[in-house]
Amino acid sequence: MSQEPLPVEIIDDARARQRAGDGELTPAQVKKIARQLREGIAQLPPEQYKEKLRERLREIASEQDVELPHPDTRSAFWSYKLEEHPDIGVGEDLYSMHVAAAYAEAEESVRYLEGTPGGKALGELHLWDPAVRTALKLDKDSGRELAGDAWSALSQKYATRTENEALFFMAELNPGTVAYQTEAPQLREDGKLDIIRFMYPPPSTKLEGFPPETQELLSRDAVRAQLHTFAYDEKANELTKAGYLNLDVLRSLPTPEAQRAAVLELCAGVARLDGREADVEKLTEEVLTLRAEQEAAAPGIEEQEQQPQKEQAQQAQQAQEARQTQAAQEVREPQPTPAGHTTPAPPTVSTPAPVTVSAPAPAPAAAATPAPASPAFNFMPGVTVTPKQVVPAGHGVLRPTEQAPPAAAKAHDTDMGM
């Protein structure tokens, strides 16, 4: 699924907005912001002060107006920067916030968070400004944490109020952003997964090496709105872990059907965290159907176990036949006669009985080793998953954690657009 390139006029407007910036705050403006936010809590111990400041900022965010100005209004969401656009030079950084603002300005039916009344009010606090952070008696990490928390609270409210198209100005979700941790989950939980539209194409480098079917699947908005491809550390939350798609592991799977099953299995995990049980059921049903079809097409365990014995018996038979042929040739061939001697007529010799050569007993068969199954669907670094045996129909469950037999085969498409 490809996106139409953004108009050149939008790109030029975004560049102009980025060059203009917000302007530098005066010392008087910084003091005014700090005085407003520290009032009544400035004398508290550091940790208690920081917690009270967090509560105050979240309360301010919750009071802001992010209502739809018109029922048909579409909402823009943004993250990081624009890439892979024909008018973007190599190494140019054009941040998506300015692209979203330019797009909303050109399209009257589109809004973006910073352009709403509530977004403007929270923006006037300049929580990301280092001078404001210093005036609030916060170090770099604490200041960024509190600023992110306040904007996350406003973004969640903004997503809740979104009813029509949610335009995502980003190439993919990054787990370190508000878009992945707050906005996309809120839209999904509210049953709005199908209104998410990505305005940038997925990174082409991340689609390389996949068959067309998998490229098409990874380009779908519903998949991009749930999964990410960024490695994480052990401190990551459950959503970050559940939504991680390891592209190297995915490429190692042998068929498009196996790759589809792995992707949908991850989407089911994210849906489970969202509380979207109906989607979990649909996705799981298709995953089980895909896996059952793969297993039905693979050799059964009994056939795999018997293959070594068949090969040994065939080799022994071939060796016996070769020895019999050699012995028969030795009986029929005349022996050489010394020079100068006449060769007497050969006596009548009765045909000897066939030489019987016992074939060596086949070596005891080693413990049957099933043919390797498809690579384990382990998309979580640090977790070792034991590859499952290929089990033909009627020989047990498909996965240790699923007790129900696979559902009847159905078309490989869910009602979620995957």
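- Separation of atoms CG (Leu218) and CG (Leu247) is listed at 7.0 Å; rounding is to 0.5 Å.
- The pair Arg291-Glu257 does not count as a salt bridge, with every side-chain nitrogen at least 4.0 angstrom from each carboxylate oxygen.
- Among all heavy-atom pairs drawn from Ala150 and Leu122, the shortest one is O-CD2, 4.0 Å.
- Between Arg272 and Thr284 there is a side-chain heavy-atom pair separated by less than 4.5 Å.
- The salt bridge (charged side-chain N to carboxylate O under 4.0 Å, His left out) check on Glu55 picks up Lys52, with sequence neighbours excluded.
- For the pair Arg251 and Glu208, the salt-bridge criterion is not met [side-chain N within less than 4.0 Å of a carboxylate O].
- Gln215 places a side-chain N or O within donor-acceptor distance of the main-chain N or O of Phe210, the cut-off being under 3.5 Å.
- Aromatic ring centres of Tyr244 and Tyr232: separated by under 6.0 Å.
- Rounding to the nearest 0.5 Å places CD of Gln259 at 9.5 Å from CG of Leu217.
- Taken to the nearest 0.5 Å, the CD atom of Gln64 stands 7.0 Å off from the NZ atom of Lys157.
- Within 6.0 Å of the CD atom in Glu281, the count of heavy atoms belonging to other residues, nucleotides or ligands does not exceed 12.
- Without hydrogens or angle criteria, Ser152 side chain to Asp149 main chain gives no donor-acceptor distance under 3.5 Å.
- Checked for salt-bridge contact, Asp13 and Arg17 meet the test: a charged N lies under 4.0 Å from a carboxylate O.
- A salt bridge links Lys192 with Glu163; the closest basic N to acidic carboxylate O contact falls under 4.0 Å.
- Closest heavy-atom contact between Arg38 and Ala135: CD-O, 3.6 Å.
- Annotation for Gln318: atom CD counts as buried by contact number, over 12 foreign heavy atoms lying within 6.0 Å.
- A donor-acceptor contact shorter than 3.5 Å links the side chain of Asn237 to the backbone of Thr240.
- Annotation: Asp139, atom CG; neighbour count of heavy atoms from other residues, nucleotides and ligands within 6.0 Å is above 12.
- Counted within 6.0 Å of CD on Glu105, heavy atoms from surrounding residues, nucleotides or ligands total 12 or fewer; the atom is thus considered open.
- Gln18 contributes a side-chain N or O that, together with a main-chain N or O of Tyr95, makes up a donor-acceptor pair within less than 3.5 Å.
- Side chain of Arg111 to backbone of Glu108: no donor-acceptor contact under 3.5 angstrom is found.
- Looking at Glu165, its side chain never comes within 3.5 Å of a backbone N or O of Ile195 through a donor-acceptor pair.
- Taking the charged nitrogens against the carboxylate oxygens, Glu124 and Lys120 have no contact shorter than 4.0 Å, which rules out a salt bridge.
- Comment: Asp274 engages Arg276 in a salt bridge, judged by a side-chain N to carboxylate O separation of less than 4.0 angstrom.
- Residues forming a ring-ring contact (aromatic ring centres under 6.0 Å, His included) with Tyr158 (at least two apart in sequence, or on another chain): Phe77.
- Judged by distance alone, the side chains of Tyr200 and Ser96 do bring a donor and an acceptor atom under 3.5 Å apart.
- Side-chain contact between Leu193 and Leu187: absent, with no pair of heavy atoms (C-beta onward) separated by less than 4.5 Å.
- Just one residue in the list Tyr80, Tyr103, Phe198 forms a ring-ring contact (aromatic ring centres under 6.0 Å, His included) with Phe169, and that residue is Tyr103.
- The backbone N or O of Leu138 sits nowhere less than 3.5 Å from a side-chain atom of Ser142 that would complete a donor-acceptor pair.
- Using cut-offs of 30° and 60° on the angle between ring planes, the pair Phe230 and His228 is parallel.
- The heavy-atom pair separating Leu173 from Leu227 by the smallest distance is CB-O, 4.3 Å.
- Here the side chain of Asn164 pairs a donor or acceptor atom with the backbone of Thr73 at under 3.5 angstrom.
- Salt bridge Glu286/Arg260: present, at least one basic N to carboxylate O contact under 4.0 Å.
- In this structure, the side chains of Pro203 and Glu83 stay at 4.5 Å or more apart for every pair of heavy atoms.
- In this structure a side-chain-to-backbone donor-acceptor pair under 3.5 Å is missing from Thr182 to Ala179.
- Contact check for Thr160 versus Asp190: side-chain heavy atoms found under the 4.5 Å cut-off.
- The side-chain heavy atoms of Tyr112 and Leu167, taken from C-beta on, include no pair separated by under 4.5 Å.
- More than 12 heavy atoms of other residues, nucleotides or ligands sit less than 6.0 Å from atom CD of Glu277.
- Closest approach of Leu113 to Ser155, counting heavy atoms only: CD2-OG, 3.4 Å.
- A side-chain donor-acceptor contact under 3.5 Å links Glu92 to the backbone of Gly89.
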